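Report on the following structure.
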Amino acid sequence: MMEYLGYQYRPWEDVEEDNIKIFHECYKNGKRINMPREFYNFSPYQRMDMAMFSHYVQQVEVFVQG
């Protein structure tokens, strides 16, 4: 889990017999946040790094503040 500007990146794994897929979710103040579509389309086979997560959070922040 990572945190940036109060947003938490909470990936979870779907473990199958032959692979593991990662689902990307974001929360703030205990509530799930709707992120840009690209956030959910990020590769299900790797976790985001802080730079990528902060990029998506900044997109949401611009929308919320605008």
Side-chain angles (χ1 to χ4, degrees):
M1 184 173 76
M2 285 185 269
E3 190 166 336
Y4 179 72
L5 299 178
Y7 292 82
Q8 296 178 336
Y9 172 55
R10 297 186 192 173
W12 60 275
E13 297 178 347
D14 180 20
V15 180
E16 297 180 4
E17 188 174 310
D18 59 344
N19 68 40
I20 299 173
K21 291 183 182 173
I22 299 170
F23 289 86
H24 311 286
E25 293 187 353
C26 182
Y27 288 80
K28 185 172 184 180
N29 298 325
K31 296 180 182 177
R32 187 167 181 224
I33 302 297
N34 287 326
M35 299 295 282
R37 181 173 296 179
E38 296 82 14
F39 176 85
Y40 301 106
N41 290 338
F42 191 80
S43 173
Y45 300 105
Q46 61 183 2
R47 294 176 185 265
M48 286 182 204
D49 61 17
M50 180 57 87
M52 187 59 70
F53 179 59
S54 63
H55 168 76
Y56 292 125
V57 168
Q58 290 170 5
Q59 289 180 9
V60 170
E61 280 290 297
V62 166
F63 179 75
V64 169
Q65 292 177 6

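Bear in mind that the values here come from a model prediction, so they are computed numbers and not experimental data.
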Taking all atoms of both residues into account, what is the closest heavy-atom pair of I22 and Y45, and its distance? CD1-C, 4.2 Å
Measure the spacing between OH of Y56 and CZ of R37 and express it to the nearest 0.5 Å. 12.5 Å
Min side-chain heavy-atom separation R47-E13 under 4.5 Å: yes
Give the minimum heavy-atom separation between H24 and F42, together with the two atoms involved. NE2-O, 3.4 Å
Drop me the distance from K21's NZ to E16's CD, to the nearest 0.5 angstrom. 5.5 Å
Test of understanding: clusters of I, L, V, M, F, W, Y form through side-chain heavy atoms closer than 4.5 Å, transitively. Do I33 and Y27 belong to the same one? no
Heavy-atom closest pair (N34 atom, Y40 atom, distance to 0.1 Å) is CA-OH, 3.7 Å
Roughly how far apart are Q58 CD and H55 NE2, rounded to 0.5 Å? 8.0 Å
The reported gap from CD in Q8 to CE in M1 (rounded to nearest 0.5 angstrom) is 4.5 Å
For the residue pair W12 and F23, does the interplanar ring angle fall in the parallel (under 30°), tilted (30 to 60°) or perpendicular (over 60°) class? parallel
Compare all side-chain heavy atoms of E3 with those of Y9 and state whether any distance is below 4.5 angstrom. no
OG on S54 to CG on L5, rounded to 0.5 Å: 8.5 Å
How many angstroms lie between atom CD of Q59 and atom CZ of F39, to the nearest 0.5 angstrom? 11.0 Å
